[in-house]
Student: 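Handing you this structure, nothing more for now.
Values reported hereafter were calculated over all heavy atoms of this structure, with side chains retained and with hydrogens, waters and symmetry mates removed.
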Amino acid sequence: MAATTAEAPQASEPTGPNHGLRIFLIWLPVAVAADLLIWIVWGPHLPPGNMSDTAHSQQWSIQFMAVLAAPVMAFVLIFMVYAMIVWRHRDGDEEDGPPLFGNARIQATWITVSAAIVLSLAAFGTYELAGTGFAGAGAGEGPSAIWTPRGGTPLQIQVIGQQWRFTYRYPQFGGFETTALVLPVNQPVQFNVTSIDVIHSFWAYQLGVKADANPGVNNIAFTTAKQTGTFIVRCAELCGLWHGAMFNNGHVVSMAVFQAWASKTRVLLAKSTAALPPYSLVYDPNVVPQINKAMAAAGLVGGQGYYYPPQDPVQP
């Protein structure tokens, strides 16, 4: 009897469904569909748009990272829903289930995939910030830019932050200063951003340009507008009582329109320009306001010492 019992075949343990394979087969088409929708449908409409090379580069970076993030998010959501449906508590089921002692293969896969994602994002971010012609150009690079754009000598525009507006000085056109920001299309532009009082932040949203305006500092940012049109400029740093009202519109126009506007404005503001401090990358805040007051008293400029152009170079 003992021999017979020993030779009897052992009953095999029932094997359950392969949950990992099920989750993978659900996740794969969802991840592919999400990436296609992001890249083809949603991506071209992501901010900040493609009005300039810097804006287009930033839009592409956001689009690329969204494509990377969508499969990860899809996996988390699918795993959560799958667990809630398949492994939910059922009436009458009071068992804790089999004990878990770890799974070396799953742990190794998790660590490897996570490390690959993090290191890839670090490499991508570094390349985008440091690579010539990429998104780092639209951000303030301090007084010494790590690179200069190709395609000829850039148009110099000085952005001067002051409570509570931005004024713009054009040193290549006699150094006149105005509240109108006008750029020619397809022309590299170098913004020299500074302040004469407190910390501001120059943010030309549709151009993908954002640079802090610090007193006594010249903060350089580059861009090249690729389309004509209007863009919004805002202060992105809390700078006092009227911070929320510190914004205006800029214009991208053809080279011919820009040249005509700059030449006309240079002549129109000749007396005001003569009363301004000589062009410099930074200004003494104790001197500039006094000059503005004197200019306003002399009727050379508009309210509070700032010139308001009688008409924009293009219709808004």
Student: Which heavy atom of Met84 sits nearest a heavy atom of Arg88, and at what distance?
Tutor: O-CB, 2.9 Å
Student: Where the side chain of Thr194 meets the backbone of Asn219, is there a donor-acceptor pair that is under 3.5 Å apart?
Tutor: no
Student: For a quick check under 3.5 Å, do Gln162 and Thr167 share a side-chain donor-acceptor pair by atom type?
Tutor: yes
Student: Tell me if a side-chain donor or acceptor on Gln172 pairs with a main-chain N or O of Gln156 at a distance below 3.5 Å.
Tutor: yes
Student: Does Ile23 form a side-chain contact (heavy atoms from CB on, under 4.5 Å) with Phe79? I'd like the steps, not just the answer.
Tutor: CA-CA 7 Å; Ile23 294 173; Phe79 185 87; 3.6 Å; yes
Student: For the residue pair Leu181 and Leu183, establish whether any side-chain heavy-atom pair is separated by less than 4.5 Å.
Tutor: yes
Student: Pairs under 3.5 angstrom only: tabulate donor-acceptor contacts from the side chains of residues 26-50 to other protein residues two or more places apart or in another chain.
Tutor:
{"unit_1": "Trp27", "atom_1": "NE1", "unit_2": "Pro71", "atom_2": "O", "d": "2.9"}
{"unit_1": "Asn50", "atom_1": "OD1", "unit_2": "Gln227", "atom_2": "NE2", "d": "3.2"}

Student: Using distance alone, with no hydrogens and no angle criterion, decide if Ser201 and Asp212 have a side-chain donor and acceptor under 3.5 Å apart.
Tutor: yes
Student: With a 3.5 Å distance limit and no angle check, can you tell me whether Gln206 reaches the backbone of Ile232 through a side-chain donor-acceptor pair?
Tutor: yes
Student: With a 6.0 Å cut-off on the ring centroids, do Phe166 and Phe202 count as close?
Tutor: yes
Student: Determine yes or no for a side-chain-to-main-chain donor-acceptor pair under 3.5 angstrom, with Asp197 supplying the side chain and Gln163 the backbone.
Tutor: yes
Student: Can you tell me if Phe124 has over 12 outside heavy atoms packed within less than 6.0 Å of its CZ?
Tutor: yes
Student: For the CG atom of Asn218 and the OG atom of Ser144, what is their distance to the nearest 0.5 Å?
Tutor: 9.0 Å
Student: Got a sec: does the CE of Met73 have more than 12 other heavy atoms crowding it under 6.0 Å?
Tutor: no
Student: Is the ring centre of His251 less than 6.0 Å from the ring centre of Phe231?
Tutor: no
Student: Measuring only between side-chain heavy atoms, which start at C-beta, is Tyr168 closer than 4.5 Å to Asn248?
Tutor: yes
Student: When hydrophobic residues are tied together by side-chain contacts of less than 4.5 Å, even through go-betweens, does Trp60 share a cluster with Leu68?
Tutor: yes
Student: Kindly indicate whether the side chain of Val257, heavy atoms from C-beta on, has any atom under 4.5 Å from the side chain of Met255.
Tutor: no
Student: With ring centroids as reference points, do Trp164 and His200 lie under 6.0 angstrom apart?
Tutor: no
Student: Keeping the roles fixed (side chain from Ser57, backbone from Asp53), state whether a donor-acceptor pair exists under 3.5 Å.
Tutor: no
Student: Taking C-beta and beyond as the side chain, do Leu269 and Glu177 meet within less than 4.5 Å on heavy atoms?
Tutor: no
Student: Taking the side chain from Gln187 and the backbone from Thr153, do they hold a donor-acceptor pair closer than 3.5 Å?
Tutor: yes
Student: Under 4.5 Å between any side-chain heavy atoms of Asn214 and Ser195, yes or no?
Tutor: no
Student: Any side-chain heavy atom of Arg169 within less than 4.5 Å of one from Leu276?
Tutor: yes
Student: Side chains of Val185 and Val253: does their closest heavy-atom pair fall under 4.5 Å?
Tutor: no
Student: If you measure only the distance, is there a donor-acceptor pair under 3.5 Å linking the side chains of Ser52 and Thr223?
Tutor: yes
Student: Just verifying a value: how many Å separate Leu268 CG and Ser263 OG, rounded to the nearest 0.5 Å?
Tutor: 12.5 Å
Student: I'd like to know whether Val159 forms a side-chain contact (heavy atoms from CB on, under 4.5 Å) with Asn192, so could you lay out the CA-CA distance, the side-chain angles of the two residues, the decisive distance to 0.1 Å, and finally the verdict.
Tutor: CA-CA 6 Å; Val159 180; Asn192 297 290; over 6 Å; no
Student: Counting only heavy atoms not in His56, do more than 12 fall under 6.0 Å of its NE2?
Tutor: no
Student: Step through it carefully: locate the ring centre of Trp110, locate the ring centre of Phe75, and say whether they are under 6.0 Å apart.
Tutor: no
Student: Before you tell me yes or no, could you show the steps for Thr178 and Trp261 under side-chain contact (heavy atoms from CB on, under 4.5 Å), namely the whole-Å CA-CA distance, both residues' side-chain angles and the distance that decides it to 0.1 Å?
Tutor: CA-CA 12 Å; Thr178 173; Trp261 171 83; 4.2 Å; yes
Student: For Thr265 and Val182, run side-chain contact (heavy atoms from CB on, under 4.5 Å): C-alpha distance rounded to whole Å, both residues' side-chain angles, the deciding distance at 0.1 Å, then the answer.
Tutor: CA-CA 11 Å; Thr265 306; Val182 184; over 6 Å; no
Student: Taking Gln158 for the side chain and Ser280 for the main chain, is one N or O donor matched with an acceptor at less than 3.5 Å?
Tutor: yes
Student: Has the side chain of Arg234 got a donor or acceptor atom that lies under 3.5 Å from a matching backbone atom of Phe247?
Tutor: no
Student: Would Leu155 end up clustered with Phe191 when hydrophobic side chains under 4.5 Å apart are linked, directly or stepwise?
Tutor: yes
Student: Using side-chain heavy atoms (C-beta onward) and a distance below 4.5 Å, is Val189 in contact with Thr224?
Tutor: no
Student: What about Trp87 and Leu21, same hydrophobic cluster or not, with Ile/Leu/Val/Met/Phe/Trp/Tyr joined at side-chain heavy-atom distances under 4.5 Å?
Tutor: yes
Student: Given the rule that I, L, V, M, F, W and Y join up when any side-chain heavy atoms are under 4.5 Å apart, are Tyr170 and Val282 in one cluster?
Tutor: no
Student: Please confirm whether Arg266 makes a cation-pi placement over Phe173, using NZ or CZ under 6.0 Å from the six-membered ring centre and within 45° of the ring normal.
Tutor: no
Student: Decide whether Leu25 and Val86 are clustered together by the hydrophobic rule: side chain heavy atoms of Ile, Leu, Val, Met, Phe, Trp, Tyr closer than 4.5 Å, transitively.
Tutor: yes
